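Below: one structure, written as structure tokens.
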Amino acid sequence: MSETTARSLEPRRFFLDRFALDESALEDAIGSAIARKADFADLYFEFHSSESFSMEEGIVKRANKNISQGAGVRVVAGDKYGCAHTDEVNGETLRLATQTARAIAEAGGRESGVAVRATRPQHDLYTLEQHPLDVALAEKIALLNDLDVFARRYDPRITNVLAGLGVEQKIVLVVNSSGVVVGDVQPLIRLSVTCIAEEGGKRQQGTSGGGGRVEFDFLTEGNRYRDWVKVAADQALRNLDAVDAPAGNMTVVLGPGWPGVLLHEAVGHGLEGDFNRKQTSAFSGRIGERVASELCTVVDDGTLPNRRGSLNCDDEGTPTGRTVLIEKGILRGYLQDRMNARLMGMEPTGNGRRESFAHAPMPRMTNTFMLAGETPPEDIIRSVPKGLYAANFGGGQVDITSGKFVFSATEAYLIEDGRITRPVKGATLIGNGPQSLTKISMVGTDLALDEGVGTCGKDGQSVPVGVGLPTIRIDGMTVGGTQA
Amino acid sequence: MSGQELTNLDEIAALLLAEAKRHGATEADVVVVEGDSLSVGVRLGEIEKVQRSKARHLGLRAFAGKSSAITSTADFSRGSLMRLAEESVALARVTAVDEVSGLPERDQLATAIADLELYDPAIRDISAETATEWCKEAEAAAMAADPRITKSEGAEFDCGTHRVVYATSHGFAGSYRSSACSLSAVPVATENGAMERDYWYSSQRRLSALESPASIGARAAQRALRRLGARQVGTMTVPVIFDPDMAASLVGHVAGAVSGYALYRGVSFLRDKLGEKVMPDFVSIADQGNLPGGLGSKPFDGEGLPTRRTAVVERGVLSSYLFDTYSARKLGSRSTGNAARSVADAPGVSPTNLCLAAGDTAPEAIIASVKSGLYVTELMGFGVNSVTGDYSRGASGQWIENGELAYPVSEITIAGNLLDMFRDIEVVGSDLERRRSICAPTIKIARMTVAGA
């Protein structure tokens, strides 16, 4: 077991050793950061090691290993913040970074020493027996090779398979001006598979994958990775026969799992604290109002064990939690980081996240999903005389201010007389956040979370997230096909 | 524990190549990138954030015969670099033998490093205070434009300088500096309880070329205001005009489809189309990596080859794909100098400055040519199938009635197939501005499906 992946690894000790700092360097830096009219300050240390392997044409062509490390200093005063980042960390660069960051807080304030004390995160969501980085390279390569053979045997129309395996570990340490020192060791693994199918001059692709904060064996347990291959292959094969998608407003049924990206775009981003503090969200000032049908309860939960979107604590050291965003259709809460929570007179919710030490924290989602309802999914399909069933999606996007959001189906079917019939080509669905959820007329019993591949982008920062959804029926959404 | 830090980037590159060789690498290359950046944000007249970063990172690619791997790090201590070289070679030994892999032929390498005016020393010296003033000016111009501009997401100035060093075991060693700066404003307009936001920005290599803060603010405000009162339209097939930034997104889809990687993998809607007419006569698209001052320019590509001009579509005919060495060898062709090399990954293909050439029709005349149709100013989402060209995206813009912009529309989609859309380009505008590395003037597509209410 390597030095940086040992189970007993203690982040504070790790960084002090790695950057040859002593305890007093942390106290000096955080003490000097807050020594102005600042409300709070934090230091964030990060050591990120990752490896990735990619396969195509039946061979593992690429293997990469990467190490990123550095520290970020942030000083917050009112609604202003100063940040400085450096990937060369020592007492001197920390002092310089601190000076830069605190320039934003007016000179004058208190000169207060900060005595730091180490704490542990409240949760223990992803302690692993063996870190995936420590699994032999040969095993990882063997998995990718088997995946390729399996896909090609699955159906002769599969002509190429692209697969990528990414394994990473972040060791982080947050030191803040309240004296809290909290560290975490965050493993993450992700396997993605794309199958290309060809028949009669037509070509299509299908994509699947999964992962989480899990051990390498998670991929092979019960042949999980082969199931993802089947999903990708079936999607590519079915799309070979797809007819043009319909265009216009119609009843849409979303399948369970990844289609939860609807919630991420339609309501999740719009409920992030920063947009609401600035009152530029379509949901601003609407807590207590009805924004969805009473069948809808939507939560953001960063505490689900081993999930891709989960964290023991957020990147400001706040323990993650379960935040009810919408309860039986009524808007209940926002997702907060420390700065926005304080300015809005609310509590932080453990949603302050940053892509890396070189980015500033902001409110972000973790795992966002709708709770299960009471209708069997078959009954939901059966209830629709004519409409669209969307089983899988690619990405989505939202305009927070107008509330308009899109998400693009990669696997969809027509519903005719209560039955799923022909596959249709991918199409973009567009709606309005505060309105679309009011049109949800049925919620299934089959809540599923996604398989663990989601990445959310905001202001140029990417963070891993999860989504989930039971089967739902939406009475009217615009479907962007070509068949008018 | 971090030990002795190495600071001379050229020496670091040489050391790593020597170490890789010592561990048995048959070939190797190193890329080192270092940079400084400043980001300043202002909102409602007050400074909101100041962010400074220093970053450096290096990547070593080692070949063990015909297999290869990459290791990269931000830890520049001697011990770390020694370990990096050893790990890179060890990792290369476990990847598969790939017959066409390897460094480019020596005779293709750049022999002189052209000065493409990519570096403006003025950018290095910009203070947070000066940047704050520009942001305040841009935001104030937006807020003053109209009483309906009631809120603001703020204005932001970003700038940075970078140095890239690239060296190979077969004798190439080159470096260049570059700089970039941008200023943007994002005002919010309100009317009858509904909010709309929009933005405008300018991005340049030279500070003096940046659009003025007042102009950026005013254009951002005008763009937000014209969205107020947007409605859906019905579902129908109509002509669609793409404003220059949206037309550039279509050129971006061409870039993806002419990449050598998409082609040999068979996932490009332009596969097997070389030499064929894919657009009307009056459409030409070229990639030019050696354009002086270009946002996508560089003197040599990610494998040390000189950058150049490549005609991708010439008078409607697909005349060249874009290649790096690997993808070119896969298809029996030669690199076009489009290798893009990030520190942590093997080369891929990327366009440099890819531009759809201007036509001679004024944008106003293009709008005037439409009886009933859509003028698109924003596209949302990812609904483009690169294999088939099937296209379906969320859109907003202005509805055109009798040749005039009549009212704003949103919550609609536009759909078609990129092959049909390119064939159906009816007019190309005269309003080309090199605002970004991929650019285009206004274009009109004869018919697409608009879906709405």
Side-chain angles (χ1 to χ4, degrees), chain A residues 17-20 56 59-70 79-87 100 103-104 137-138 141 160 162 196 203-205 247-249 278-280 282 358 360 394-397 399 401-402 404 406-408 425-428 430 432 478-482 484, chain B residues 1-2 5 43 46-57 69-75 87 91 94-96 98 128 151 153 188 194-197 232 235-237 265-267 344-346 380-383 385 387-388 390 392-394 396 410-416 449 451-453:
Chain A
D17 287 349
R18 182 154 191 95
F19 298 132
E56 58 168 351
I59 57 174
V60 176
K61 287 183 181 176
R62 291 186 177 190
N64 304 337
K65 281 191 183 191
N66 178 50
I67 287 176
S68 303
Q69 61 177 10
D79 59 358
K80 308 176 169 114
Y81 65 89
C83 269
H85 316 117
T86 178
D87 50 15
T100 308
I104 199 150
L137 296 175
I141 288 172
N160 199 1
L162 311 179
I196 294 155
R203 214 173 289 200
Q204 275 288 0
Q205 64 182 357
N249 196 284
K278 298 173 187 174
Q279 302 195 326
T280 56
Q397 193 184 340
D399 174 337
T401 306
S402 69
K404 305 295 186 289
V406 296
F407 56 135
S408 302
K425 288 179 180 173
T428 288
I430 189 163
N432 180 314
T478 297
V479 176
T482 50
Chain B
M1 176 172 152
S2 60
E5 287 272 339
R43 197 175 75 90
E46 297 268 351
I47 186 164
E48 185 178 45
K49 68 157 184 180
V50 175
Q51 194 166 323
R52 276 193 187 277
S53 287
K54 278 181 93 64
R56 49 181 200 178
H57 215 123
I70 289 191
T71 52
S72 54
T73 189
D75 181 352
E87 279 199 335
L91 198 56
V94 301
T95 59
D98 187 356
K151 297 172 189 171
E153 285 258 325
V188 175
M195 288 190 292
E196 295 284 354
R197 79 172 167 185
Q232 272 192 315
T235 298
M236 63 190 103
T237 301
R265 286 170 184 158
V267 293
D345 206 355
M380 289 176 83
F382 305 92
N385 184 328
V387 183
T388 59
D390 288 328
S392 165
R393 297 189 72 187
S396 55
S410 71
E411 208 177 328
I412 57 173
T413 60
I414 56 172
T449 306

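Below, chain A is the first sequence line, B the second, and so on; all start at residue 1. The structure presented is a predicted model; accordingly, all values stated were derived computationally and were not measured.
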Heavy-atom cut-off 4.5 Å, strictly under: side chain, backbone, both or neither for [X] against chain B?
{"X": "A:A103", "value": "neither"}
{"X": "A:N160", "value": "side chain"}
{"X": "A:Q204", "value": "both"}
{"X": "A:S408", "value": "side chain"}
{"X": "A:K425", "value": "side chain"}

Using a cut-off of under 4.5 Å for heavy-atom pairs, which of A:V479, A:I196, A:I104 has the most such pairs with chain B? A:I104
Hey, which of A:L162, A:N249, A:T100, A:I67 has the most heavy atom pairs under 4.5 Å with chain B? A:I67
Compare every heavy atom of [Y] with every heavy atom of [X], then report the nearest pair and how far apart it is.
{"X": "A:A247", "Y": "B:A451", "value": "CB-CB, 3.9 Å"}
{"X": "A:I59", "Y": "B:A96", "value": "CB-CB, 3.5 Å"}
{"X": "A:G481", "Y": "B:A415", "value": "O-CB, 3.3 Å"}
{"X": "A:A358", "Y": "B:S53", "value": "O-OG, 4.2 Å"}

Euclidean distance, [Y] [atom2] relative to [X] [atom1], rounded to 0.5 Å:
{"X": "B:S396", "Y": "A:K404", "atom1": "OG", "atom2": "NZ", "answer": "8.5 Å"}
{"X": "A:D399", "Y": "B:E196", "atom1": "CG", "atom2": "CD", "answer": "6.5 Å"}
{"X": "A:L137", "Y": "B:L91", "atom1": "CG", "atom2": "CG", "answer": "6.0 Å"}
{"X": "B:T95", "Y": "A:K61", "atom1": "OG1", "atom2": "NZ", "answer": "11.5 Å"}
{"X": "B:I412", "Y": "A:T428", "atom1": "CD1", "atom2": "OG1", "answer": "12.5 Å"}
{"X": "B:S72", "Y": "A:N64", "atom1": "OG", "atom2": "CG", "answer": "7.0 Å"}

B:E153: which residues meet the side chain to side chain contact (heavy atoms under 4.5 Å, CB included) condition with it, sequence neighbours left out? A:F275, A:T280, B:V186, B:V188, B:R197
Test item: side-chain donor near acceptor, B:H57 and A:D87, under 3.5 Å: no
Top residue by heavy-atom pair count (under 4.5 Å) with chain A, among [options]?
{"options": "B:T413, B:D390, B:I47, B:I70", "value": "B:I70"}
{"options": "B:G383, B:G394, B:A69, B:G452", "value": "B:G452"}
{"options": "B:M236, B:E87, B:E411", "value": "B:E411"}

Contacts of type salt bridge (charged side-chain N to carboxylate O under 4.0 Å, His left out), residue B:D345, not counting sequence neighbours: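 Partners of B:D345 under the salt bridge (charged side-chain N to carboxylate O under 4.0 Å, His left out) test: A:R62.
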Mind running side-chain contact (heavy atoms from CB on, under 4.5 Å) on A:I141 and B:V94 for me, showing each step along the way? CA-CA 8 Å; A:I141 288 172; B:V94 301; 3.7 Å; yes
Do the side chain of B:T449 and the main chain of A:T482 share a donor and acceptor less than 3.5 angstrom apart?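 It does hold such a pair.
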Quick one: does A:R203's side chain have a donor or acceptor within less than 3.5 Å of a partner on B:G266's backbone?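 It does hold such a pair.
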So for [X], is it side chain, backbone, both, or neither that comes closer than 4.5 Å to the heavy atoms of chain A?
{"X": "B:A194", "result": "neither"}
{"X": "B:K151", "result": "side chain"}
{"X": "B:R43", "result": "side chain"}

Looking at side-chain heavy atoms only, is the closest gap between [X] and [Y] below 4.5 Å?
{"X": "A:K80", "Y": "B:E46", "result": "yes"}
{"X": "A:Q205", "Y": "B:R265", "result": "no"}
{"X": "A:V406", "Y": "B:R393", "result": "no"}
{"X": "A:H85", "Y": "B:Q51", "result": "yes"}

Stepwise side chain to side chain donor-acceptor pair (under 3.5 Å) test for A:T478 and B:Q232: CA-CA 10 Å; A:T478 297; B:Q232 272 192 315; 3.1 Å; yes
